[in-house]
Amino acid sequence: MHFDWSFFQHLLFHPPGSFVGGAVRTIYLSVIAQALGTGIGLVLALWRRSRQWPLRLFAGGYIWLVRGTPLLVQAVIIYDGSSALGLYSFGTLNLGFMSVPGIIQAGIVTLALNEGAYMAEIMRAAIDSVDKGQTEAAESLGMRHWQAMRHVVLPQAMRVVIPPLGNEFNNMLKVTSVLSVIGLQELFLAAEDYNSATFRTFEIFLVAAIYYIAMTTIWSFIQSAIERRLAAQGGEVVSGIPLRQRLFGGGLAAVPGEMRGAR
Amino acid sequence: MTGDQVSDGGLAVQAAGVHKSFGALKVLDDVSLDVAVGEVVVIIGPSGSGKTTFLRCMNHLERIDGGKLYVNGHLIGYRVNPDGTLAEESHAEIARQRQEIGFVFQHFNLFPHLTALGNVKLAPVCVRRAGREQASAEGRKLLARVGIEDKCDTYPRQLSGGQRQRVAIARALAMKPKLMLFDEATSALDPEMVGEVLEVMRELAAEGMTMVVVTHEMGFARGVASRVVMMDQGRIIEAGTPAQVLDEPREERTRAFLSKVLH
């Protein structure tokens with residue numbers, strides 16, 4: 001079998017609806033799951049530092065469990081397992097302006113819960129990277145501990161979080177493909193289905209790969225814009241990160257301090 | 001509130017037999033000191049003598065292990081149980097006590113993500129619930145008072161060391177404290193910037209602010225202090241007027257220390 005150029009070109013520039021739908025699903029699953037996962041990560045990171053030991057224990061246990069098991073297994077347990085056991089069955093959710101199929105909900109929940117554990121570690125490192133003198137200064141002004149956290153520590157920690165967060169989102173775009181195991185029609189499963197009808201495996205997955213790399217590349221530009229804006233807010237003059245570094249790695253983001261090279 | 005929790009109203013600080021240890025190391029060993037309202041007390045002594053720790057105890061950045069420490073008339077950081085033992089105060093109450101105590105750090109601890117004005121108005125807005133307009137107006141006034149009204153919208157990293165420390169003083173003053181604590185406020189500055197910070201402190205003293213100042217600036221001690229306290233190895237070994245302590249020290253250790261500092 002030879003490489004079918006016209007098939008490849010046609011698929012790349014005039015993809016069927018299932019392909020486009022899969023790519024769109026990959027993007028919105030990633031965005032929503034990353035947003036939720038970041039929120040979960042922040043809460044877990046704060047709980048790990050809580051004065052209440054049950055919160056510390058829960059957060060520590062959660063992170064241990066989630067990071068210790070494969071995402072693939074988590075997806076099957078959450079969607080198929082919980083339904084098989086009669087624990088919970090994801091049904092269609094009607095939001096008024098749109099309805100969300102159960103499988104999409106399960107996909108988002110799986111990715112968000114999983115991502116939360118990793119984001120918790122990133123948040124914890126970022127919070128720890130803020131000098132202790134910052135909290136002392138805030139508390140010496142009569143601010144409560146949570147006020148110091150909210151107004152002084154977290155804004156500084158967030159700047160440190162952005163580069164690894166960008167990394168996480170890059171990973172998230174690709175890791176959505178795991179949800180094909182529960183039958184969610186994201187980009188990978190759409191490609192697989194198309195493949196089983198045409199058997200043009202190489203061409204089809206090459207197109208899928210090109211779609212993935214387009215998404216991650218566009219994201220890397222968005223991330224660089226966010227980093228510049230944040231740096232500018234701090235009154236920092238940032239020279240642009242060279243495109244080569246941004247795409248091929250080795251780039252250190254223009255944020256202060258300790259997180260550099262931490263991952 | 002029991003009578004035991006309130007001290008003589010004429011005293012800003014009343015320390016009676018204060019003890020503190022870091023592990024086996026005794027940092028404060030039976031320290032007693034009264035500071036009257038309106039007084040400027042300068043604490044001198046070699047590094048490791050406990051002067052910074054003592055100052056940090058005065059706004060409960062450090063806990064004390066024994067004795068009693070009243071600040072602005074209240075037992076700082078502790079309350080007396082009915083059986084006479086001490087228990088740590090609630091976090092809310094500690095924060096409330098700290099609102100009346102300004103603290104200036106050796107390394108400024110300015111909030112790098114906020115402008116000079118943002119630094120000054122943060123605590124009034126978030127703790128005192130001051131209106132943003134009013135807090136900004138008062139913040140500008142305070143920055144003018146320390147001589148940098150033109151730097152309101154500048155971020156800390158763009159300021160010189162002396163300017164940073166003046167912002168830090170304005171930030172502490174924004175809470176309208178009854179007592180100001182200075183922890184080696186000029187030690188991290190380049191020599192040519194020490195003068196501008198000392199000048200602000202001098203003006204503050206002249207306006208009648210009660211101050212406890214840990215410093216190595218003997219000129220400031222001589223010119224501004226109502227009293228000079230010499231600490232060594234966690235104890236106050238000598239106290240008196242600047243003339244007594246600096247010119248005719250009774251203690252050999254004071255003499256040895258002064259000869260090193262004054263060259």
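Every chain is numbered from 1, with letters handed out A, B, ... down the list of sequences.
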Original post:
For B/Leu110, is it the side chain, the backbone, both or neither that has a heavy atom under 4.5 Å from a heavy atom of chain A?
Top reply: backbone
Original post:
With a 3.5 Å cut-off and no angle check, do the side chains of B/Gln97 and B/His74 form a donor-acceptor pair?
Top reply: no
**OP:** Would you mind checking which part of B/Ile101 comes under 4.5 Å of any heavy atom in chain A, side chain (CB onward), backbone (N, CA, C, O), both or neither?
**Re:** backbone
Subject >> For chain B, the option from A/Arg144, A/Met143, A/His145 that forms the most heavy-atom pairs under 4.5 Å >> reply: A/Arg144
Original post:
Does atom CD1 of A/Ile222 have more than 12 heavy-atom neighbours, drawn from other residues, nucleotides or ligands, at distances under 6.0 Å?
Top reply: yes
**OP:** Please indicate whether B/Glu133 has more than 12 foreign heavy atoms, meaning atoms of other residues, nucleotides or ligands, lying under 6.0 Å from its CD.
**Re:** no
Original post:
Can you say whether A/Gln147 sits under 4.5 Å from chain B via the side chain, the backbone, both, or neither, judging by heavy atoms?
Top reply: side chain
Original post:
Do B/Arg171 and B/Phe111 meet the cation-pi criteria used here (NZ or CZ under 6.0 Å from the six-membered ring centre, within 45° of the axis)?
Top reply: yes
Subject >> Region of B/Ala92 in contact with chain A, defined by heavy-atom distances below 4.5 Å >> reply: both
Subject >> A/Arg150 CZ: over 12 foreign heavy atoms closer than 6.0 Å >> reply: no
